[in-house]
Amino acid sequence: MHPMRYMAAFVSIALLALIAALPWGLPPQDRFFLPMLPVIAVHFWSLRHPSLVPEWYVFAVGLVLDVLTHGPLGYWALVYLITHLLAVLSAPFADRGFTVRVALLAAALIAVTLTAWAIASVYFLEWLDVWPYVAGSGLAGLGALVLMPLLYVADPARTTRDNIRLERGV
Amino acid sequence: MARLKTERLNLTRRGGKSLRVVGVRVVLPLLAFVCLGLLLLSRLNHTALADARWRLAEWMSPVLEAAMVPLEPVRRLGRQISEQVDMTEELQRLKAENQKLSSWEWRARDLERQLADLKALARVVEEPGIDFVTARVIADSSGAFVRSVMIDAGGDKLVKPGYPVINADGLVGRVIETGASSARVLLAADLNSRIPVVIGEKRVRAILAGDNGPQPLLLYVPQDAKIAIGDDVATSGAGALFPRGLRIGKVSGDLDKPRVALRAQLDKLEYLSVLFFDDPASAMMGEPHGGTRETAAARNDRSRDPTLPRPAP
């Protein structure tokens with residue numbers, strides 16, 4: 001496979017993780033949508049081209065974000081791995097059109113948000129307020145409207161929609 | 001012979017037992033297990049983990065510094081828009097404040113003169129000045145778990161864990177970890193932050209405790225203490241963790257469960273000053289962490305002048 005194909009997926013996920021760690025001057029309760037942006041990229045690439053996003057890379061990006069945000073190690077790594085799993089499991093439905101893909105992303109965002117909230121609650125051994133997570137996820141959903149077309153443009157395989165090709169031999 | 005080859009078919013076809021499918025299902029649970037293990041170790045606050053984490057963060061700090069370059073104009077634009085929106089309200093507030101301060105200026109000068117006279121009479125030992133270094137915020141980790149920021153000054157600027165951190169508005173927090181060229185600052189609003197404070201003119205002692213919310217709590221306020229909403233809160237200097245008299249904020253919320261509206265806007269931090277404040281007791285005992293304030297200043301001079309001898313690590 002051409003290295004450029006990996007580049008687009010790798011760079012976009014890493015860039016969004018870096019953006020999530022930078023000081024944007026946002027109130028802490030409004031910052032939750034930032035680490036959800038890599039969720040959109042991981043889901044986008046894993047749904048369309050699961051082979052482009054290895055699990056170790058998703059894990060590594062999440063771990064680096066955990067380090068940079070000084071959160072518990074493994075938290076965002078686990079959340080991103082769950083996103084990757086959801087996308088890979090729903091990959092057979094990905095070629096049923098744009099609406100289905102958006103619905104799959106929305107479902108994944110809801111599942112990932114609730115998982116992130118549940119893991120954080122277990123970590124603190126108390127029920128945390130779910131609304132910052134829901135609000136952050138909603139904002140990330142709006143961000144997806146901007147992000148997904150950009151990722152689509154960055155996708156080198158967009159011209160061969162289902163990646164079907166005929167090969168001679170064997 | 002032609003063969004139809006589809007990437008998705010490779011992934012999902014069960015008849016062929018695709019290696020990729022097997023790969024996903026073996027590696028992913030393993031990594032998830034590693035994540036759970038790391039979460040558990042983080043919860044237990046394992047020291048080896050904290051050390052490894054800080055090494056990685058230190059290694060990443062040049063990347064963050066580079067990423068700050070294109071971010072700066074965006075932040076400036078956001079700040080300008082925010083300032084324009086608040087301009088009228090701010091002007092009114094400043095006019096009122098200016099009137100109030102004009103009368104206070106005369107009173108302050110008079111009190112300053114009286115204080116100088118009294119100090120001369122009582123032969124009070126002068127408090128030495130505290131040296132400081134100013135650094136830029138390069139990463140913000142204010143989320144569900146922690147309220148902290150990373151700054152681009154570390155051991156190379158003689159920043160050490162425990163040093164208080166302020167900005168133009170008041171106390172921000174304290175340094176908790178240092179690397180060669182970066183340090184992490186635990187903000188006053190963090191769950192683990194505890195700061196001894198005094199409240200109002202009566203100088204009621206209490207502890208300012210963060211709870212990861214925007215306004216930290218005041219704990220251990222004496223039952224009979226008379227505090228009011230709007231009373232000033234400053235560091236008490238107790239425990240020698242922070243110098244006495246650093247402004248923090250004002251009492252707010254409910255007096256049954258008082259909170260403090262911080263002067264510093266912790267979500268909009270850009271430049272922070274690290275005070276080279278060492279525990280005077282440990283400085284007197286000559287402990288390595290301590291050192292007198294004079295030596296802190298001298299060390300700072302050394303950091304500025306590469307020709308001066310540096311202490312052994």
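Naming: A, B, ... by sequence-line order, numbering from 1 per chain. Note that this is a predicted model, so its numbers are computed, not measured.
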Step by step, work out the side-chain contact (heavy atoms from CB on, under 4.5 Å) result for B:Val27 and A:Trp56. CA-CA 8 Å; B:Val27 173; A:Trp56 64 262; 5.6 Å; no
Do A:Leu125 and B:Arg43 pass the side-chain contact (heavy atoms from CB on, under 4.5 Å) test, and can you show the C-alpha distance, the side-chain angles, and the key distance before you say yes or no? CA-CA 11 Å; A:Leu125 300 175; B:Arg43 179 71 187 155; 4.1 Å; yes
For [X], is it the side chain, the backbone, both, or neither that has a heavy atom closer than 4.5 Å to a heavy atom of chain B?
X        : value
A:Asp129 : neither
A:Leu34  : neither
A:Leu65  : neither

Non-hydrogen side-chain atoms of [X] and [Y] separated by less than 4.5 Å:
X       : Y       : value
A:Leu63 : B:Leu38 : yes
A:Phe59 : B:Val34 : yes
A:Leu73 : B:Leu41 : no

Closest contact, heavy atoms only, [X] versus [Y]:
X       : Y        : result
A:Leu81 : B:Ala32  : CD1-N, 3.8 Å
A:Thr69 : B:Val146 : O-CG1, 3.4 Å
A:Ala21 : B:Leu64  : CB-CD2, 4.4 Å
B:Cys35 : A:Ala77  : SG-CB, 3.6 Å
A:Pro23 : B:Ile138 : CD-O, 3.4 Å

For atom CZ of B:Arg194, is the number of surrounding heavy atoms from other residues, nucleotides or ligands below 6.0 Å larger than 12?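 Enclosed.
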Return yes when atom CD of A:Glu126 has more than 12 non-hydrogen atoms of other residues, nucleotides or ligands closer than 6.0 Å, and no otherwise.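 Above 12, so yes.
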Please state whether the side chain, the backbone, both or neither of B:Glu177 comes within less than 4.5 Å of a heavy atom of chain A.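 Contact with chain A is through the side chain of B:Glu177 alone.
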Residue part contacting chain A, namely of B:Leu36, when any heavy atom lies under 4.5 Å: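 Contact with chain A: side chain only.
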Sequence-distant partners of A:Trp127, ring-ring contact (aromatic ring centres under 6.0 Å, His included), two or more places apart: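 Per chain and number, A:Trp127 pairs via ring-ring contact (aromatic ring centres under 6.0 Å, His included) with A:Trp117.
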Apply side-chain contact (heavy atoms from CB on, under 4.5 Å) to the pair A:Leu22 and B:Asp140, showing each step before the final yes or no. CA-CA 6 Å; A:Leu22 293 177; B:Asp140 186 345; over 6 Å; no
Extract all donor-acceptor atom pairs below 3.5 Å that involve side chains of residues 181-191 of chain B and protein atoms in other chains or at least two apart in sequence.
unit_1   : atom_1 : unit_2   : atom_2 : d
B:Ser181 : OG     : B:Glu58  : OE2    : 3.4
B:Ser182 : OG     : B:Glu58  : OE1    : 2.6
B:Arg184 : NE     : A:His70  : ND1    : 3.0
B:Arg184 : NH1    : B:Ser141 : OG     : 3.1
B:Arg184 : NH1    : B:Ser148 : OG     : 3.0
B:Arg184 : NH2    : A:Leu68  : O      : 3.2
B:Asp190 : OD1    : B:Arg147 : N      : 2.7
B:Asp190 : OD2    : B:Asn192 : N      : 2.7

Atom pair CG/CD1 of B:Leu28 and A:Ile82 - distance to nearest 0.5 Å: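 Reported value, rounded in 0.5 Å steps: 9.0 Å.
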Walk me through it: do B:Ser42 and A:Tyr123 pass the test side-chain contact (heavy atoms from CB on, under 4.5 Å)? CA-CA 9 Å; B:Ser42 295; A:Tyr123 184 83; 3.8 Å; yes
